[in-house]
Structures are given as structure tokens and as C-alpha cells.
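Note that the coordinates shown come from a computational prediction; the quantities given were computed from them, not determined experimentally. Atom set for the values below is all heavy atoms of this structure, side chains included, hydrogens, waters and symmetry mates excluded.
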Amino acid sequence: MVDAAVIGAGPAGLAAASAAAQQGASVVLIERDFRLGGILPQCIHTGFGLHRWNRELTGPEYADIDIMEVSSSTVTTMLSTFVTSITREGKGFLIETARKGRIECISASSVVLAMGCRERTAGAISLPGTRPAGVFTAGTAQRLMNMQNIRLGKRAVIIGSGDIGLIMARRLTLEGTEVAAVTEIMDYPGGLTRNVHQCLEDYSIPLHLSTPVEEIIGTDRVEAVRIPGKTIPCDTVLLSVGLIPENELSRTMGISLDPASGGAYVNQDCMTDIPGIFACGNVLHVHDVADFVSEEAQTAGRAAAAWAAEGSSASGIPSPVTCSDEFKYVLPQRITRTGKHLFSFRAAFPLENTKVRITQRGKVITSKRFMKLMPSEMVRLHGEVKTGLPVEVHCE
């Protein structure tokens, strides 16, 4: 029996495992890949660590800090190990794993879900046209180029303007592939403003907003992409059309999921509606900054350790947390302990010169004015909350 089992060893899992171990908990960290770090090893661009370490790091450099911390701690790591099921066992949980052709079971007092997210595919968005070779998700293209040294093509079109797609537009350009265009069906970019500037504008790569893809053209290999009023010849297409929290395991456990965020309903400690099960990182909601993933995961790891030791993290009557229509979602969705808590939320559409308020029964507990809010950028505000009263995030 271990105090905490952490599933997934990306930035969330690494931070959660370390935080739990620092509280004196016995921790097992389970990862299906053969190495620790999750997606970070293939993210060779900079931009990591600015919030957490106050310095600019690449993905591998950022991962190495947490990997070294885990390696020097009491955390037990299990690589190339798949979790097939999690069931209740007495006051704890029984985790069934598949490893090297064998089934093994682990008993844990608490579980931290940190499985990350996956990319939407051509089928997920019903991309019109044929299915020739040369169509990749942006993350797959990133892995092929950065970790396997494979050049994908000579001329590319990127469909969607998510952050990975924007970063790959720059990466392709630097490796000698012409990026003919980035298309976006919405009337605003899907990625961070800094990535639009640094990855597209700095390299004179055109961004076509409000532009649906009408057809992928090609038989054996991609030949062109047709958009309204124009056909763009290319031999490579990258899809950057959104990320989905990897919650299949959560569903089999019966954890309630929020359709707005794609992740679990949680309290301020990242605990789901199954006591003793915690969720953090991109499996909870898709983050735009890895530093915030780690911070959230540390909260979950500490709470999981406390749960194993005490069996409870709640006090008082829960306060439901909701948001107005200007926002996609807000986390946490409930507060179970009086105190100062962090609220994370995203605009549902671009907002300009707006004041965001967090209130309890009309009383403002915190507020901040923003010149501009974009759906791609998560907003984080702290507020002092008393349990028993509903909390709402809204615009003035």
C-alpha cells in the first residue's frame, strides 16, 4: 500500500509526485512511456519556466529540473506501464497495471490523475476532402522533427492556430520548409498573442482568420488545400485544431466531467467528486503555460498526501462556483474550505476593456480590469472565500 499513486509523468505528474513526497507520503509514479517528462522532451523551443523559475528554459530543460527532483526523492517510478483500471478497495483504491506483458496491482490511499491531453484529429473535426499521406497533427509533426530528425515536406499549410501549430510554423520555416499559410476558422487566433508575433509575424507567415478549409486535395500525397476563393498547393498539412483532456480512465471510474473544460469537477484541492481521487494539469483543463500546470499539480500532490494521512480535506458547506456567459469555464467548480483560493478561467470570446469580478452573493471578493482578454490565455485571480455561499465570476 502506498499513500499516493500518480498516473502520468509529464509536468503535472512530476510536480504532483514531488509535492506529495515532500509531505512525507510514499508515492508511486506510473508512466506509459519509456521516459519521464511527457511531451516536454519534444518541445525544444524556449518559453518554459518564466513564471516558476524566473528564467527562460526549453521544454527538456524544464523537465530535467523536475526529473532530477523526483529521482533524488523517495518516489518510486514505473515506466512503460499502462493503467488499465482503478477500483475502490476498502478505504483506498486498487490500480491495475499492464507492464512488460504482466498484470500488476497497486493499492493506494489516494490517486492523482495527470494523464495530460491529446490532439484533435482530421476525423474529429470532419475535415473535408481525401485522406492522402502528408497530413499530421502538429504534435506528431513536432515529435517527428525534433526527436527523430525527420523532414516532413517542402511546402506546408497549417490548419488551426493553436499554440503547437504556431510553434511548428516557425520550426518548419527554420528547417527549410515553406509555410504557405495558417488558416483559422474563428475570427481570432487560437494561440497565445506572443506566439502569433514570434512564430508568424516575425517570419512573414500569413494567417487567414475566419477561413474554413473546404477540401484537402490529393490521392497518394497531399497536393493542395482549398479555402474560400483560393487553392494553396502544398505537400504537407499540419492540424492544430484543439486539445482534449485524456479522461477515458476518469470515465471508467465514474468521475463527473465538466463538458465546458473537458476535465473533472474539482474543489480547491483538485479533488474530484470521488473522495481521494485528484486531477491536475491538462487532464483537468488545457493550460497554455507549463508553469501553471506544475503549480496546480503541486496543490494536488500535497492534497493527496494530506488525504492519505488524514482522510479528509473538506470543511464547511461547499460553495458552488459558476461563471457568466463571457467565460468558457472556471475552476475550481466548488470551494469546500474557507480561505484565499485561486480561480482559473478563460474568456469564451475576445473581450476588450472589461472588468472581471468574483463575487459571493453580490459582495466583491476580488476584481481586476483587463485591456484585452483572449480565449487562448487563461486568467488567474485569487479571492478570499467563505464556504456556504455561491461564488460567481462575471464581467462588469
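With rounding to the nearest 0.5 angstrom, the CE atom of M168 is 7.5 Å from the CD1 atom of I158. Taking CD1 of I7 as the start and CG of L249 as the end, the distance is 5.5 Å to the nearest 0.5 Å. How far CE of M78 is from CD of E31: 11.5 Å, rounded to the nearest 0.5 Å. Separating the CD atom in E184 from the OG1 atom in T211 is a distance of 8.5 Å, to the nearest 0.5 Å. Rounding to the nearest 0.5 Å places CD of E326 at 6.5 Å from CG of L351. The distance from atom OG1 of T97 to atom CD1 of I106, rounded to the nearest 0.5 Å, is 5.0 Å.
With a 4.5 Å cut-off on side-chain heavy atoms, V70 and L29 count as touching. Side-chain contact between D220 and P132 is absent, with no heavy-atom pair separated by less than 4.5 Å. Residues S109 and M1 have side chains in contact (heavy-atom distance under 4.5 Å, counting atoms from C-beta outward). Side-chain contact between D288 and R346 is present, with heavy atoms from C-beta onward closer than 4.5 Å. Side-chain contact between E201 and V196: present, with at least one pair of heavy atoms (C-beta onward) separated by less than 4.5 Å. Residues V356 and V379 form no side-chain contact, since every pair of their non-hydrogen atoms from C-beta on lies 4.5 Å or further apart. Residues T219 and T130 are not in side-chain contact: their nearest non-hydrogen atoms beyond the backbone lie 4.5 Å or more apart. Residues T236 and L172 have side chains not in contact (no heavy-atom distance under 4.5 Å, counting atoms from C-beta outward).
Taking the six-membered ring where the residue is Trp, F345 and F327 present perpendicular rings, their angle passing 60° and hence far from 30°. W307 and F278 have perpendicular rings, their planes meeting at more than 60° on a 0 to 90° scale where under 30° would count as parallel.
F292 and L113 sit in two unconnected hydrophobic clusters of ILVMFWY residues. Membership requires side-chain heavy atoms under 4.5 Å apart, directly or through other members. Follow the hydrophobic side-chain contacts under 4.5 Å out from I30 and you reach V111 in the same cluster. Under a hydrophobic clustering in which Ile, Leu, Val, Met, Phe, Trp and Tyr are joined whenever their side-chain heavy atoms come within less than 4.5 Å, directly or via other members, L14 and V112 fall into the same cluster. Note: the hydrophobic cluster containing V28 also contains I277 (ILVMFWY, side chain heavy atoms under 4.5 Å, direct or indirect links). In the hydrophobic cluster analysis, where Ile, Leu, Val, Met, Phe, Trp and Tyr join through side-chain heavy atoms closer than 4.5 angstrom, M374 is grouped apart from L381.
Residues satisfying the salt bridge (charged side-chain N to carboxylate O under 4.0 Å, His left out) criterion with E223, sequence neighbours excluded, are absent altogether. Shown here are the side chain to side chain donor-acceptor pair (under 3.5 Å) partners of Q198, two or more places apart in sequence or in another chain: there are none. Checked against side chain to side chain donor-acceptor pair (under 3.5 Å), T76 has no partners two or more places apart in sequence or in another chain.
With H45 as reference, I167 is the one residue of N146, N195, T58, I167 to meet the side chain to side chain contact (heavy atoms under 4.5 Å, CB included) rule. Of the candidates I65, D64, D66, D66 is the only one forming a side chain to side chain contact (heavy atoms under 4.5 Å, CB included) with Y62. Between R337 and the choices T387, N267, D269, the side chain to side chain donor-acceptor pair (under 3.5 Å) rule is met once, by D269.
Using a distance-only test at 3.5 Å, with no hydrogens or angles considered, no donor-acceptor pair links the side chain of D273 to the main chain of Y265. Between the side chain of D3 and the backbone N or O of S26 there is at least one donor-acceptor pair closer than 3.5 Å. A donor-acceptor distance shorter than 3.5 angstrom exists from the side chain of S376 to the backbone of G191, with no hydrogens or angles considered. The main-chain N or O of E56 is never found under 3.5 Å from a side-chain atom of T46 such that the two would form a donor-acceptor pair. With E215 contributing its side chain and P128 its backbone, the two residues share no donor-acceptor pair below 3.5 Å. When atom types are taken as modelled, the side chain of E69 and the backbone of S18 share no donor-acceptor pair closer than 3.5 angstrom. Put simply, the side chain of S319 gets close to the backbone of L389: a donor and an acceptor are under 3.5 Å apart. A donor-acceptor pair is defined here as one N or O able to donate and one able to accept, closer than 3.5 Å; such a pair exists between the side chain of T84 and the backbone of E96. Side-chain N or O atoms of R118 include none that pairs as donor or acceptor with a backbone N or O of I244 at under 3.5 Å. No donor-acceptor pair under 3.5 Å is formed between the side chain of E119 and the backbone N or O of V241.
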Q) Passes side chain to side chain contact (heavy atoms under 4.5 Å, CB included), L342 versus H382? Steps please. A) CA-CA 4 Å; L342 173 66; H382 287 86; 3.6 Å; yes
**Q.** Stepwise side chain to side chain contact (heavy atoms under 4.5 Å, CB included) check, I67 with R35
**A.** CA-CA 10 Å; I67 290 172; R35 63 159 66 92; over 6 Å; no
(Q) Would R380 and E295 count as a salt bridge (charged side-chain N to carboxylate O under 4.0 Å, His left out) here? Give the steps. (A) CA-CA 12 Å; R380 293 154 39 97; E295 181 183 314; 3.0 Å; yes
Q) Can V283 and N247 be said to form a side chain to side chain contact (heavy atoms under 4.5 Å, CB included), step by step? A) CA-CA 6 Å; V283 78; N247 269 302; 3.5 Å; yes
Q) After noting the C-alpha distance and the side-chain angles of V222 and D235, does the key distance pass the side chain to side chain contact (heavy atoms under 4.5 Å, CB included) rule? A) CA-CA 5 Å; V222 174; D235 60 7; 5.6 Å; no
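Between F93 and P275, the closest heavy-atom pair is CZ-O, 3.4 Å. Annotation for A290 and F48: closest pair CB-CD2, 3.7 Å, computed over non-hydrogen atoms. Closest non-hydrogen pair, P206 versus S204, comes out as CD-O, 3.6 Å. The heavy-atom pair separating L166 from C199 by the smallest distance is O-CB, 3.0 Å.
In the displayed structure, R102 atom CZ is contacted under 6.0 Å by at most 12 heavy atoms of other residues, nucleotides or ligands. Crowding of N353 atom CG: a count of heavy atoms from other residues, nucleotides or ligands under 6.0 Å exceeding 12. Within a 6.0 Å radius of CZ in R99, other residues, nucleotides and ligands contribute more than 12 heavy atoms.
Of the N and O atoms on the side chains of T359 and E392, not one donor lies less than 3.5 Å from an acceptor on the other residue. No donor-acceptor contact under 3.5 angstrom links the side chains of T354 and E396, judged on distance only.
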